[in-house]
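Reading through the structure tokens given below for one structure.
Heavy atoms only: backbone and side chains are in, while hydrogens, waters and symmetry mates are out.
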Amino acid sequence: MAAFLDVILRGLALSGQAVAIGGVLFALLVYRVQDGAGARRIWTLVAAAAAVVVAAQVAALLILAGELEAPGGSLLARLAATQYFRATLARMLAAVVIAVGALAVRRAPRVGTWWPLLLGAVVALVVSAAWTSHAAARLDHRALLLALDAVHQLAAAAWIGGLLHLVVTALHRDPVAGRAALLRRFSTLALVAVGMLLAAGIGLTLGYVDGVLGLVGTAYGLMVMTKAAMLGLLLILGALNFVVVRRLPSDDARAPLRLRRFVEVELGLGLTVLFAAASLTSLPPAVDVVADRATPGEIVTRFVPRLPRLSSPPIEALPIHDKEAPRTDADRAWSEFNHHISGMFVLAMGLLSLLQVSGRVRWARHWPLVFLGLAGFMMVRNDPGAWPLGPQGFWEGFREPSVLQHRTFVLVVVVFGLFEWMVRSGRLRAPRAALLFPLLCAVGGGLLLTHSHASLNLKTEFLLEVTHAPLGVLGVLVGWGRWLELRLAAPEDRLPARVSACAMAVIGVLLLLYRES
């Protein structure tokens, strides 16, 4: 749990850093207006994002302190002596300077007097952040890797962080004077940032991944490929937005609806990439993992189609009375059965959603009710040692953290399904409420990308988790495809609707292919 929370906090820190740095660069290079409502929104976001960086770093240090075994005084001394602590402290101080500067500029617009301090704090923030990455621990080419990491983070902030400021200043419905020129300036900034991002990313990959076997056979390599896939989706959206911006008339004071919606999704995907990048920092680089690599053949075997497991071992065959017992063949068979039956539910939802998109089968709009069947199956099968199958009573099970977590998730699935059914069937017509389902799908897919049991790169654990990355990417596609379906006008909403439904169906297929043996 501590490792997972650490990844989430790293993702929050990276996201806050991107919005803070992106806002400073956006104000200097794109917006160029020192006062007004738009400028105040920019500096408010910059200050809030810098505060997120500080809060996330404080929480990460507290988690680290909780994991160390030492008396109070010696614990602080041990932390203070580490390079990570000093770099984290520098990162927090730089974020505080940015927050103070942003609030000062927001109250009394005199950005010119604050630029040296703000830009200096931006440099300090990216440099100190690089010193908390893998580059700081390298013996070979450390200076080069640190420089590449800092450039990588700066470019990501200029692009992804800048997108949020673009949304709040230039892409709302109200007319904005000089909107087309502002969009073109940001488009140029984003193009330069993408070039820097790709160049630095390729350099870092060459430094941390020693060939194809390291790329496909380790958790680090898998996350690099996942991050590259997400970046590819970002580049497609960015290219589409680039074309639209370049074709805007100079006197056009309104942004096209499609541009506004695509930028929303581009921002969402960008934040997901930042959390995927955070998960990379929790994994040892592929170049350092040799003995525990999986071979390409072993990975391919995990995706070879075979008939789903339709029978489950009896509850008596599971070591339900010994929580520390090693996994047995019966445990693996139980898990495979659970995944395969769940895959049938999800595949059914994806196919029914495709029927709804076709417009030919009206009753297919009720497909979210299948979530109730999935929730019932999960309630019965998630915890074989607890009610209703195991000896542990219903209320007694709530004392177990894992059982409580599973039952909470079941409740979420029930509410999730009923809510989306009400939207699809027209019983709930609030436009903003309809966005809950796609947003949760996108967030859930992103969280799946940050979750890995292969933190030690043990081959067995990695092979168990190798399907999680594609499931996470597909979950993100389900969410943002549905988002565009709801946010675009007909007939432009049909393609994202099909993408979302197809992604859900493929998730079901991957669950049917899941295997542990």
Among residues at least two apart in sequence or on other chains, which ones pass side chain to side chain donor-acceptor pair (under 3.5 Å) with [X]?
X      : result
Thr301 : none
Asp149 : Ser133, Gln153
Trp421 : His366

For the residue pair [X] and [Y], establish whether any side-chain heavy-atom pair is separated by less than 4.5 Å.
X      : Y      : answer
His152 : Leu204 : yes
Leu477 : Leu233 : yes
His141 : Arg138 : no
Leu166 : Leu183 : yes
Phe26  : Thr169 : yes
Val263 : Val167 : yes
Pro285 : Asp288 : yes
Arg10  : Leu14  : no

Show me, pair by pair, the donor-acceptor contacts under 3.5 angstrom made by side chains of residues 496-513, not counting sequence neighbours?
unit_1: Ser500; atom_1: OG; unit_2: Val478; atom_2: O; d: 2.9

Not counting sequence neighbours, which residues clear side chain to side chain contact (heavy atoms under 4.5 Å, CB included) with Arg40? List them please.
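Only Ala37, Arg106 meet the side chain to side chain contact (heavy atoms under 4.5 Å, CB included) criterion with Arg40.
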Considering non-hydrogen atoms only, spot the tightest contact between [X] and [Y] and give its length.
X      : Y      : answer
Pro284 : Val289 : CG-CG2, 4.1 Å
Ala193 : Ala158 : CB-CB, 4.1 Å
Leu274 : Ser15  : CD1-CA, 3.8 Å

Residue pairs fulfilling side-chain hydrogen bond (donor to acceptor under 3.5 Å, both in side chains) with at least one residue in residues 347-357, sequence neighbours excluded:
Gln356-Trp367, Gln356-Arg424
How would you list all residue pairs meeting side-chain hydrogen bond (donor to acceptor under 3.5 Å, both in side chains) that involve residues 195-205, not counting sequence neighbours?
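For residues 195-205, and leaving out neighbouring residues, there are no side-chain hydrogen bond (donor to acceptor under 3.5 Å, both in side chains) pairs at all.
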Phe419, CZ: over 12 other non-hydrogen atoms inside 6.0 angstrom
yes
Is the CZ atom of Arg185 crowded by more than 12 outside heavy atoms at less than 6.0 Å?
yes
Go through Arg360 and Leu355 one step at a time and tell me if the side chain to side chain contact (heavy atoms under 4.5 Å, CB included) criterion holds.
CA-CA 7 Å; Arg360 299 176 181 176; Leu355 284 177; over 6 Å; no
Taking distance alone, no hydrogens or angles, what donor-acceptor pairs closer than 3.5 Å link side-chain atoms of residues 206-213 to residues at least two apart or in another chain?
unit_1: Tyr208; atom_1: OH; unit_2: Ala135; atom_2: N; d: 3.0
unit_1: Asp210; atom_1: OD1; unit_2: Arg293; atom_2: NH2; d: 2.5
unit_1: Asp210; atom_1: OD2; unit_2: Arg293; atom_2: NH2; d: 3.0

Determine which pairs satisfy salt bridge (Lys or Arg N to Asp or Glu O under 4.0 Å) with at least one residue from [range], sequence neighbours left out, and list them in order.
range            : answer
residues 470-485 : Glu420-Arg482, Arg482-Glu485
residues 427-447 : none
residues 223-241 : none

Any donor-acceptor N or O pair under 3.5 Å, side chains Trp159, Glu266:
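Result is yes, a qualifying pair exists.
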Between Phe416 and Phe371, how do the two ring planes meet: parallel, tilted or perpendicular, split at 30° and 60°?
perpendicular
Evaluate Leu28 against Leu119 for side chain to side chain contact (heavy atoms under 4.5 Å, CB included), listing each step before the verdict.
CA-CA 10 Å; Leu28 173 64; Leu119 292 177; 4.2 Å; yes
Derivation of the side chain to side chain contact (heavy atoms under 4.5 Å, CB included) call for Val122 and Leu118
CA-CA 6 Å; Val122 164; Leu118 285 169; 5.6 Å; no
Just to verify, what does Glu264 make a salt bridge (charged side-chain N to carboxylate O under 4.0 Å, His left out) with, not counting sequence neighbours?
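With sequence neighbours excluded, Glu264 shows a salt bridge (charged side-chain N to carboxylate O under 4.0 Å, His left out) to Arg261, Arg487, given in chain and number order.
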For the atom pair CZ (Phe262) and CD1 (Ile236), what is the distance rounded to the nearest 0.5 Å?
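Result: 11.0 Å between the selected atoms.
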Is there a donor-acceptor contact under 3.5 Å from the side chain of Thr272 to the main chain of Gly268?
yes
